Trainee: 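Pasting a structure below so you can have a look.
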Amino acid sequence: MNAVVDLLAGPWEYDFWRRALLVALLSGLVCGVVGTHVVLRGMAFIGDAVAHAVFPGIATAFVLGTNLVIGGAVAGVVTALLIAVVAQNRRLKEDSVIGIFFAAAFGLGIVILSAAPGYGGSLESFLFGSILGISDGDVVSVAVIGAILLLTTGLLNGRLVAATLDREQARAVGLPVFWLDLALYVMVTLAIVISLQAVGNVLVLALLVTPAAAARLLTDRLGVMMLLAPAIGAGGSVLGLYLSYAFDLAAGGLIVLSLTGIFVLCWLFAPRHGLVRRPRRPQSTSDDPVGALVEVKS
């Protein structure tokens, strides 16, 4: 029992641990909320694309000696804008447009970075995360951007859901579908940027998609899903951080593995949609997932 108490309380004497825990919580919460819309729209690929699209901004900031987070955010937002504009041409599938700009952005990053000899070790934290090396300034940046994202999601939630369910109907009732797409892309970009230090560029997609996917297995109600996803994201992030402290292993990897473990448990044991599930009851109107989503109005 004492060993468990020591494990839970021991890290709190370190400033770097408290900063890491706060960023892990905020990243998990924000990615859980924003990731709900990503999963509902079936656009997980954009999470991976944007995570790589920030690379030229990171590379440029590194070469110029400026803030890496700001550089990544600018590059990611510009790429998101380009994707949103070009994807309006319905002759092209959205995933094709995302793939084009993802590859182009990553290629540009490589070219820019080739101008900086000896860059590899300096950008290792960008690729794999460095949550235990976060500064007070980083914590403030994550907190401010995270608060803005949560507020924006709350304001646009109903409209984003309407555009997800039926884009043509959303246009018919006067919703600005293009601007809603743009807003979602930018939100995804910023959620990814504030999470890079937690799990890194290689693993950030898991933080965005896995909690929301697990929540999707647990409920048919959008409102409940948007509460469960950030709870799973924050809980899995904290669990991974504690495992990293206990076993002296990479925090980013253990955060992702913790979230994956939670997803697998949901996939197996979710009450209605799990592999090992209870006998199904006759479905009522209130249990219908589409009906539940339609109830959310702009």
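Just so it is clear, the model here is predicted, and its values are computed rather than measured. Worth knowing before you read on, the calculation uses all heavy atoms, side chains too, and leaves out hydrogens, waters and symmetry mates.
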Trainee: Can you sort out the partners of Ser135 under side chain to side chain donor-acceptor pair (under 3.5 Å), two or more places apart, ordered by chain and number?
Mentor: Asp138
Trainee: With side chain to side chain contact (heavy atoms under 4.5 Å, CB included) as the criterion, how do Leu222 and Leu40 come out once you've worked through the C-alpha distance, each side chain's angles and the decisive distance to 0.1 Å?
Mentor: CA-CA 9 Å; Leu222 178 60; Leu40 287 177; 3.3 Å; yes
Trainee: Knowing that exactly one of Val78, Val86, Leu81 qualifies, which makes a side chain to side chain contact (heavy atoms under 4.5 Å, CB included) with Phe101?
Mentor: Val86
Trainee: Which residue, Leu268, Thr210, Ile232, forms the side chain to side chain contact (heavy atoms under 4.5 Å, CB included) with Phe263?
Mentor: Thr210
Trainee: Looking only at atom types and distance, does a side-chain atom of Thr36 sit under 3.5 Å from a main-chain N or O of Gly32, one as donor and one as acceptor?
Mentor: yes
Trainee: Distance-only, no hydrogens or angles: does the Thr79 side chain make a donor-acceptor pair with backbone N or O of Ala75 under 3.5 Å?
Mentor: yes
Trainee: What is the distance from atom CG of Asp181 to atom OG1 of Thr164, rounded to the nearest 0.5 Å?
Mentor: 8.5 Å
Trainee: Please name all residues satisfying side-chain contact (heavy atoms from CB on, under 4.5 Å) with Leu265, sequence neighbours left out, ordered by chain then number.
Mentor: Phe269
Trainee: Scan Arg167, His37, Arg159 and name whichever one has a side chain to side chain contact (heavy atoms under 4.5 Å, CB included) with Leu180.
Mentor: Arg159
Trainee: Specify whether Tyr245 and Tyr14 have parallel, tilted or perpendicular ring planes, treating 30° as the upper limit for parallel and 60° as the lower limit for perpendicular.
Mentor: tilted
Trainee: Testing Thr153, Ile148, Val38, Ile192 one by one against Met187 for a side chain to side chain contact (heavy atoms under 4.5 Å, CB included), which residue passes?
Mentor: Thr153
Trainee: Would you say Trp17 has more than 12 foreign heavy atoms packed within less than 6.0 Å of its CH2?
Mentor: yes
Trainee: With rounding to the nearest 0.5 Å, note down the distance linking OG in Ser258 to CG in Leu243.
Mentor: 5.0 Å
Trainee: Within the 4.5 Å heavy-atom criterion, are His273 and Arg216 side-chain neighbours or not?
Mentor: no
